[in-house]
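Taking it in order: structure first as structure tokens, then the write-up.
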Protein chains: 2
Amino acid sequence: MNVPGQAISPSCMDCPIRHRAVCARCEADELAALESIKYYRSFEAGQTIIWSGDKMDFVGSVVSGIATLTQTMEDGRTQMVGLLLPSDFVGRPGRSGAAYDVVATTDIVMCCFRKNPFEKMMADTPHIAHRLLEMTLDELDAAREWMLVLGRKTAREKIASLLSIVARRDASLRPTATHGPMVFDLPLTREAMADYLGLTLETVSRKMSALKRDGVIQLEGKRHVTVPDMSRLMEEAGDDADGGVFA
Amino acid sequence: MNVPGQAISPSCMDCPIRHRAVCARCEADELAALESIKYYRSFEAGQTIIWSGDKMDFVGSVVSGIATLTQTMEDGRTQMVGLLLPSDFVGRPGRSGAAYDVVATTDIVMCCFRKNPFEKMMADTPHIAHRLLEMTLDELDAAREWMLVLGRKTAREKIASLLSIVARRDASLRPTATHGPMVFDLPLTREAMADYLGLTLETVSRKMSALKRDGVIQLEGKRHVTVPDMSRLMEEAGDDADGGVFA
DNA sequence: CGTAACCTTGAAGCCGATCAAACGTCGTGG
DNA sequence: CCACGACGTTTGATCGGCTTCAAGGTTACG
């Protein structure tokens with residue numbers, strides 16, 4: 001029974017996000033239980049995965065690809081409030097309605113669980129609940145860092161902040177040396193960048209050009225970015241160049 | 001042994017935040033265990049409770065009073081990233097360093113737990129972990145709503161958004177009829193409002209005057225606010241006047 | 001009464017938004 | 001093959017909202 005848009009489930013043990021997703025802390029038997037209630041869904045770039053206000057009957061993890069979380073005002077102004085990368089969790093246990101639009105920006109594969117069985121399992125499986133708490137606290141920190149970007153940074157600093165976040169997260173996914181020039185692909189259009197940064201797409205374009213002109217970044221095509229000096233980029237972002245102090 | 005700045009612990013059963021704080025789901029025996037590791041601390045208005053980067057040896061709940069969570073850039077720009085009201089939780093289990101400054105804006109009483117015993121208890125007490133997850137998810141939603149305010153709203157809309165949030169939260173604390181004019185005290189200076197909204201204090205002042213001139217709010221002194229028509233205020237905030245759709 | 005903290009108001013300037021036009025790339029169909 | 005249009009992007013010109021700088025007002029408290 002292979003419905004279009006769904007795929008046969010590979011084993012959790014081979015899952016690329018096994019050690020980072022909501023199931024990261026699970027033992028073999030717990031994984032087996034999860035495996036029995038999971039299913040995969042694929043979405044194409046541009047597809048809306050969840051509409052704000054709709055009833056949500058599943059929760060799940062991004063396996064591969066990228067999605068965005070956005071809010072829209074009645075007059076059409078939109079603000080991105082989250083960027084969903086592989087291993088990130090979608091949906092809120094305990095609430096039936098979706099609060100935001102979730103849109104695939106690339107082709108994407110999600111590992112889904114029907115909401116009720118998942119909630120039941122969460123109640124019995126502290127490993128899942130704890131991991132979800134940990135991930136939610138991380139997301140809260142990320143959201144708060146973003147509030148500083150939105151509220152207090154200039155357009156140039158906003159762009160530099162976005163680039164440095166994407167660069168760092170990209171580096172954390174692939175096993176690369178941490179210094180030397182960083183190279184990555186921007187997964188976002190200029191418009192999506194603008195929605196993330198609280199700017200217009202024209203301003204994003206102008207500031208990207210300015211950063212290129214000033215040698216902070218190099219561009220190949222519209223999306224392929226090279227950062228010759230990461231600490232320079234972090235300075236431009238208004239962050240301490242020596243990384244935040246966390247423990 | 002009554003150290004200045006600490007008070008004798010009243011019973012959890014009489015606690016004003018008993019049903020909303022991190023302990024809300026606890027049974028009598030769990031409360032008793034919590035009671036044995038808790039202690040109260042008081043802070044005066046203006047005092048910094050926790051410095052960003054410092055080691056945090058406790059977590060806790062706001063019992064009464066108001067505090068703010070702020071981030072500061074090297075050049076002094078600051079952004080408030082959270083407003084802590086009675087029952088709100090401070091501190092992150094699993095992390096030793098504080099990520100933000102926590103400052104008392106009014107005199108405040110906190111119910112504190114030393115971090116290690118609390119973490120141990122959390123591991124054994126699903127009621128606590130679940131409630132904390134629930135509260136963290138709520139905070140994440142609030143942070144994301146605030147990202148829309150910071151990124152896409154005009155100064156006037158920002159002020160109206162802040163006023164409507166304070167008004168609604170105030171209403172939820174006292175058992176008042178939900179319509180008719182709303183009256184409340186702003187717990188924030190113009191500067192604190194500016195830090196919350198990503199504005200300057202001058203702009204806050206001007207827009208407050210404008211909302212008053214236009215009859216959206218009435219002011220008695222600088223802090224005492226009357227909202228004759230709540231739905232009018234919500235329109236000014238750019239929100240749907242009929243309340244968000246949640247379930 | 002005097003001072004300090006907080007707030008209001010005014011004038012000028014700048015940053016980012018808005019409006020507008022043109023460019024490059026890609027896929028489609030004549 | 002090339003014309004065409006759709007889409008994403010770049011760049012220019014102008015406008016306006018918010019910040020900045022500055023001065024004066026209000027309130028509380030010694």
Side-chain angles (χ1 to χ4, degrees), chain A residues 44-46 68 73 75-79 103 105-106 149-163 185-214 217-225 236 238, chain B residues 44-47 68 73 75-79 103 105-107 149-163 185-214 217-225 236 238:
Chain A
E44 287 173 23
T68 61
M73 295 171 66
D75 62 7
R77 282 176 281 178
T78 69
Q79 174 66 49
V103 180
T105 56
T106 65
V149 172
L150 290 172
R152 291 303 185 193
K153 292 194 178 179
T154 64
R156 171 183 263 245
E157 289 170 333
K158 285 179 174 182
I159 302 283
S161 297
L162 177 58
L163 291 174
D185 284 307
L186 260 180
L188 303 172
T189 65
R190 298 288 184 260
E191 184 177 23
M193 293 173 68
D195 281 346
Y196 207 158
L197 296 166
L199 297 171
T200 60
L201 67 90
E202 293 95 328
T203 299
V204 170
S205 182
R206 274 186 250 277
K207 297 303 175 183
M208 286 287 287
S209 300
L211 287 174
K212 179 181 167 189
R213 187 182 334 111
D214 298 346
I217 58 173
Q218 289 151 21
L219 285 177
E220 226 168 322
K222 314 299 183 186
R223 300 291 191 83
H224 196 73
V225 181
E236 292 283 357
Chain B
E44 288 174 23
Q47 257 191 297
T68 61
M73 296 172 64
D75 62 8
R77 282 176 281 177
T78 69
Q79 175 66 49
V103 180
T105 57
T106 66
D107 290 351
V149 173
L150 290 172
R152 292 301 184 193
K153 292 194 178 179
T154 65
R156 169 182 265 244
E157 290 170 333
K158 285 179 175 182
I159 301 283
S161 297
L162 177 58
L163 291 173
D185 284 306
L186 260 181
L188 302 173
T189 64
R190 297 288 184 262
E191 185 177 21
M193 293 173 68
D195 281 347
Y196 207 159
L197 298 167
L199 298 171
T200 60
L201 67 89
E202 293 96 328
T203 299
V204 171
S205 183
R206 274 185 251 275
K207 297 304 176 183
M208 286 287 287
S209 300
L211 288 174
K212 178 181 167 189
R213 187 182 333 112
D214 299 344
I217 58 173
Q218 289 150 21
L219 286 176
E220 227 169 321
K222 315 298 183 187
R223 302 288 192 87
H224 195 75
V225 181
E236 291 284 356

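So that the names make sense, note that chain A is the first sequence line, chain B the second, and so on, each numbered from 1. It should be emphasised that the depicted structure is a prediction, and the values quoted were computed from it without experimental measurement.
- We find that A:K207 and A:E157 are not joined by a salt bridge, their nearest charged nitrogen and carboxylate oxygen being 4.0 Å or further apart.
- With sequence neighbours left out, A:T78 forms a side chain to side chain donor-acceptor pair (under 3.5 Å) with A:D195.
- Shown here are the side chain to side chain donor-acceptor pair (under 3.5 Å) partners of A:D185, two or more places apart in sequence or in another chain: A:H224.
- Going from atom NE2 of A:H224 over to atom C1' of D:dT9 covers 19 Å, rounded to whole Å.
- Distance, A:K158 NZ to C:dG16 C1': 9 Å, rounded to whole Å.
- The interatomic distance linking B:R77 (CZ) with D:dT20 (C1') rounds to 14 Å, in whole Å.
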Under 3.5 Å, which N/O atoms of the protein pair with N/O atoms of nucleotides 13-19 of chain D?
residue : atom : partner : partner atom : Å
D:dA13  : N6   : A:R206  : NH2          : 3.3
D:dC18  : OP1  : B:A155  : N            : 2.8
D:dT19  : OP1  : B:T200  : N            : 3.4
D:dT19  : OP2  : B:T200  : N            : 3.3
D:dT19  : OP2  : B:T200  : OG1          : 3.2
D:dT19  : OP2  : B:T203  : OG1          : 2.4

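- Applying the salt bridge (charged side-chain N to carboxylate O under 4.0 Å, His left out) criterion to A:D214, with sequence neighbours excluded, gives A:R156.
- Judged by distance alone, with hydrogens and angles left aside, the side-chain atoms of B:R190 form no donor-acceptor pair with the main-chain N or O of B:L201 at under 3.5 Å.
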Pairs under 3.5 angstrom, nitrogen or oxygen only, protein versus nucleotides 5-7 of chain C, please.
residue : atom : partner : partner atom : Å
C:dC7   : OP1  : B:R223  : NE           : 3.4
C:dC7   : OP2  : B:R190  : N            : 3.0

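- The side chain to side chain donor-acceptor pair (under 3.5 Å) test applied to A:S209 returns no partner, not counting sequence neighbours.
- Computed from coordinates, the A:M193 CE to C:dG16 P distance equals 15 Å when rounded to whole Å.
- Atom-to-atom, CG of B:L211 to P of C:dT8 comes out at 12 Å; the value is rounded to the nearest Å.
- For the pair B:R152 (side chain) and A:Q79 (backbone), a donor-acceptor distance under 3.5 Å is absent.
- In terms of heavy-atom proximity, B:V149 sits nearest to B:K158 at O-CE, 3.3 Å.
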